[in-house]
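Quick notes on the structure that follows.
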4 protein chains.
Amino acid sequence: MSDSRFPMTSNRSTGRPRDETLDTAIMRAAIDLVDERGYAAVTIDAIAERAKTSKTAIYRRWPKKAAIVMEAFLVAAEPLITPPDNLPFRDTVIAQMTALAKFFQTTPGGRTITDLIAVAQTDAALADAIRENWLIPRRTVACAYFQAAQKAGELRDGIDSSALIDALYGPLYFRLLLGHDAIDKSFIEHIVDMAMMGIAPNQEKSS
Amino acid sequence: MSDSRFPMTSNRSTGRPRDETLDTAIMRAAIDLVDERGYAAVTIDAIAERAKTSKTAIYRRWPKKAAIVMEAFLVAAEPLITPPDNLPFRDTVIAQMTALAKFFQTTPGGRTITDLIAVAQTDAALADAIRENWLIPRRTVACAYFQAAQKAGELRDGIDSSALIDALYGPLYFRLLLGHDAIDKSFIEHIVDMAMMGIAPNQEKSS
Amino acid sequence: MSDSRFPMTSNRSTGRPRDETLDTAIMRAAIDLVDERGYAAVTIDAIAERAKTSKTAIYRRWPKKAAIVMEAFLVAAEPLITPPDNLPFRDTVIAQMTALAKFFQTTPGGRTITDLIAVAQTDAALADAIRENWLIPRRTVACAYFQAAQKAGELRDGIDSSALIDALYGPLYFRLLLGHDAIDKSFIEHIVDMAMMGIAPNQEKSS
Amino acid sequence: MSDSRFPMTSNRSTGRPRDETLDTAIMRAAIDLVDERGYAAVTIDAIAERAKTSKTAIYRRWPKKAAIVMEAFLVAAEPLITPPDNLPFRDTVIAQMTALAKFFQTTPGGRTITDLIAVAQTDAALADAIRENWLIPRRTVACAYFQAAQKAGELRDGIDSSALIDALYGPLYFRLLLGHDAIDKSFIEHIVDMAMMGIAPNQEKSS
DNA sequence: TGATAACCGAGACGGTACGTCGGGTCTTTCT
DNA sequence: AGAAAGACCCGACGTACCGTCTCGGTTATCA
């Protein structure tokens, strides 16, 4: 639904009501087409045709292609926020990162995130939307978890939670966007283990 | 010039020679326009007009907009590869990261990297070009440095150099592309220090 | 009201009765808008808005824009049919033509006739409506008057009344539609006098 | 060709020259389509498709559909201006009117004049074009002929040539546009004869 | 020194997609 | 059942860039 995620809405009462099923159909069509042909090759006309509707109906809901795909992405990603379980810190982090990587790499919705980030480079509104509706909610959860872990003694003192999130997830997005190397179990473990144990030799640590 | 960085070249001998100054003028125009209006808003016609030349002359040199900007970016970035000095590991890494961040954030050429990565999401050839001509050369240098450092005992055993590069630079690109937080001295130091010392509490370390 | 002049009507009995004042309001709005902006620039939505009503209410009454304007035109033109007075032939004809010209050129309703004729070129139903409801009634009156005049010896024998009507009014509509010259007292008198006296030199006449 | 008949032209020298055959092909396609489907049902896309070209090429030449059809009409009408022969006045005029009526009623190009006049009701530029390029040239010729005839004693004194033209051709256009009656030999003769001999009874004449 | 070849500029070419507009219909709630 | 509001589908609009092409004209090298 087109709630606060991106402009556009109005709580009217009179007049013919919006066909709510169209929202879904359009987003479904959009995400599928992006998955099939790639973001750039998808046109609004094609989405309308696939969703068996008209351009008018689409433009009434979203101002541009990116907005449709953005909302579709969020809908697909909604069930992804899973509260951290009670495993040890390392396992929890690896589980979360693995789940995210899997979402990105295997689901039609997830695969579009790179295209969205791409468009966001030249579309400030979309960039805001991504930060507000995708990044920040997740960072908030992660931040809370990290601070709890710190209190529980699982993290040393002096850690900047925000930087830590970037230290863990940054490499993941980096490989996702640049595609220079695989994002697999081994990579995630390396990232997490380096972050946990550090890369300095032990003697320096114990000093 | 359009060498091996991206397709397009021909070793002729006869006929009117290419006006070499045009190469520069076109790239200059391209990079400036991108800086002024943003990548997406720049058209080939506009570049031609700004460079006081014609579309023909441009297409004779590069196959598409991204290729022009890519090469202009590389030319601007060329002097950036500085061999690691003989400072301690931490200082060297911070210096390199800081230099990169500065290039990205302050120079017209550097600011286009995000646009290039964006286009690369839907342009495999450009993605290859970025990896070949930008990422790999730098990773090779960094990798060599890391292995030397390891030999010198500045890094502990069992470190995957490739993952380490991503652990350090991934967060930087992440913030650059998503723009959710600042890339400043403090951030870089946090990233490096977490990587070096780890985030686990000391006792876990000494175990 | 939308009587036999153009399709669309229904003699219901049950349910909420039509708001008769709406008919007038819509026609008023239509004719005014056409006068202000020109026929082509007027949209059904604009008429609805001006008449403070809805498209639905309009389409319930008329099938298309032309039909609204047509009926409004007829309503405005209704009082125009004035029975020929007992003046001499020449004066009567000039009076009738002058009245028509004045209606066309000075009243909002009258000024739309050119637009209606224009639309009728690509709308057979409207063409019929114009002939049935505008042209024929007037031609019938004129025809009767001409035949009476003939009987009274005011016209020579062998005159085709139908052609005579066109000979008198055709030039008027011609200038109205093509706008190549003024329709004024002088013009009308010229037309009538040429028709009456002929253009051939006198000797030819008396022969 | 798109000369002074309607806006749009430029005598360049540099750059790829216009494909002159396209001008013809587009006008041909336009006139044929109008003839097949009627003016209103013809779209620019359809013209482009029929002429095996693109919308761009069309819009580069003419600003709107009416302009294309206008020029096509003029090209088709070009050979129509035939200098008056040396027949008696009545025969000459009938011949000219008959030729015009035939052009209007039987040729694809000629049949579009009504549509053009229709559009001209809401398009001042087109109205000008019609007057300048179609009406005035013919009126000039006719006017000269009438004045010569007057000098030769074939017309009586005191005739306004301009009004005479409208008296003869107005009825023709009137029936053409309103379609209330046929435009045939008999009609034309009636119009001409009424104009020549007048409709008043002889005694009034000789008085 | 003149042919040949590739360059250069300008701008027309066929295409594709855009986002908007208006038409005429349908679906609500309210009167 | 009409009124008002507004969503619906449809089709055309005129524009903007794309990447290619075709001109007239300009340097070069090579025969």
Side-chain angles (χ1 to χ4, degrees), chain A residues 10 12-20 22 40-49 51-61 63-65, chain B residues 10 12-20 22 40-49 51-65, chain C residues 10 12-20 22 40-46 48-49 51-65, chain D residues 10 12-20 22 40-46 48-49 51-61 63-65:
Chain A
S10 64
R12 295 158 313 81
S13 59
T14 167
R16 176 173 174 174
R18 289 245 176 106
D19 182 348
E20 303 284 348
L22 263 185
V42 174
T43 68
I44 300 281
D45 283 282
I47 296 174
E49 191 179 2
K52 292 186 196 309
T53 182
S54 60
K55 274 202 289 185
T56 317
I58 295 180
Y59 279 111
R60 194 176 292 118
R61 290 169 166 77
K64 56 180 70 152
K65 185 171 60 163
Chain B
S10 62
R12 295 159 312 84
S13 56
T14 168
R16 176 174 173 175
R18 287 237 179 115
D19 181 348
E20 302 286 347
L22 264 185
V42 175
T43 67
I44 300 280
D45 284 282
I47 296 174
E49 192 180 0
K52 291 186 199 310
T53 181
S54 61
K55 278 202 292 183
T56 316
I58 295 180
Y59 280 110
R60 195 174 292 118
R61 292 168 166 77
W62 298 278
K64 56 179 69 156
K65 184 170 60 161
Chain C
S10 64
R12 296 159 311 84
S13 57
T14 164
R16 174 171 173 177
R18 284 224 184 129
D19 181 349
E20 301 288 347
L22 262 184
V42 175
T43 67
I44 300 280
D45 285 283
E49 192 180 1
K52 291 188 200 307
T53 179
S54 60
K55 277 201 294 182
T56 319
I58 295 179
Y59 278 110
R60 195 174 292 117
R61 290 168 168 77
W62 297 277
K64 55 180 67 156
K65 186 172 55 162
Chain D
S10 62
R12 294 164 312 85
S13 57
T14 166
R16 175 173 175 174
R18 289 246 175 106
D19 182 348
E20 302 286 349
L22 263 185
V42 174
T43 68
I44 300 280
D45 283 284
E49 192 179 0
K52 292 186 197 310
T53 181
S54 59
K55 275 202 289 184
T56 316
I58 295 180
Y59 279 111
R60 195 175 292 118
R61 291 170 166 76
K64 55 180 71 153
K65 185 172 58 163

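Computed over heavy atoms, backbone and side chain alike; hydrogens, waters and symmetry mates excluded. In what follows, every chain begins at residue 1, and chains take the letters A, B, ... in the order their sequences are listed.
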* Structure fact -> A correct 5'-to-3' footprint of nucleotides 10-17 of chain F, with B, S and - meaning base, sugar-phosphate only and no protein heavy atom under 4.0 Å, is B-SSBB-S
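- Leu22(D) has its CG atom 12 Å from the P atom of dA12(E), to the nearest Å.
- A distance of 9.0 Å separates CD1 in Ile58(C) from CG in Leu22(C), rounded to the nearest 0.5 Å.
- The CD1 atom of Ile47(A) sits 12 Å away from the P atom of dA17(E) (whole-angstrom rounding).
- Distance, Glu49(B) CD to dG9(E) C1': 13 Å, rounded to whole Å.
- Rounded to 10 degrees, the angle separating the terminal axes of the helix from dT1(E)-dA31(F) to dT31(E)-dA1(F) is 10°, with each axis obtained from five end pairs.
- When the C1' atom of dC18(E) is taken as reference, atom CD1 of Ile58(A) falls 13 Å away, rounded to whole Å.
- Residue Arg18(D) places none of its side-chain N or O atoms closer than 4.0 Å to OP1 or OP2 of dG11(E).
- Closest non-hydrogen pair, Ala48(B) versus Ser54(B), comes out as CB-C, 3.8 Å.
- For the pair Lys55(C) (side chain) and Ile44(C) (backbone), a donor-acceptor distance under 3.5 Å is absent.
- Using a 4.5 Å heavy-atom cutoff, the side chains of Glu49(A) and Asp45(A) are not in contact.
- For the atom pair OG1 (Thr53(A)) and CZ (Arg60(A)), the distance works out to 8.5 Å, reported to the nearest 0.5 Å.
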* To do: Report, as a single string ordered 5' to 3', how protein heavy atoms within less than 4.0 Å touch nucleotides 25-31 of chain F: B base, S sugar-phosphate only, - not at all.
  => BBBSS--
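- A close approach under 4.0 Å does not occur between any side-chain nitrogen or oxygen of Arg60(B) and OP1 or OP2 of dA6(E).
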